[in-house]
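Below is one structure, written out as structure tokens; comments come after it.
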Amino acid sequence: MGEAVLVNRKKFVSSLANELVEPFNELSKKTRLTKTKLLDEAIEDLLEKYAAKDL
């Protein structure tokens with residue numbers, strides 16, 4: 001079976017600090033949002049934060 005074709009997304013690989021893994025998993029369960037959606041929101045917030053500082 002091949003990989004899914006991503007039309008509106010790009011594959012992104014990273015790692016997460018050990019102490020963040022379980023809280024992140026719990027947040028996803030509690031909010032019923034996918035981890036991908038939560039990561040999108042977090043990255044958007046970071047981009048806004050640093051854009052405000054005119055880096």
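Fair warning: this is a prediction, and the values are worked out from it, not measured in the lab.
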Contacts under 3.5 angstrom, residues 35-43 side chains, donor-acceptor by atom type, not counting sequence neighbours:
residue, atom, partner, partner atom, Å
Lys35, NZ, Asn25, OD1, 2.6
Asp40, OD1, Arg9, NH2, 3.0
Asp40, OD2, Arg9, NH1, 3.3
Asp40, OD2, Arg9, NH2, 2.8

Quick check: are there more than 12 heavy atoms from other residues, nucleotides or ligands sitting under 6.0 Å from CG of Asn18? no
Sequence neighbours excluded, the answer for side chain to side chain contact (heavy atoms under 4.5 Å, CB included) partners of Ala17 is Glu19, Leu20
By side-chain hydrogen bond (donor to acceptor under 3.5 Å, both in side chains), Lys10 pairs with (sequence neighbours left out) none
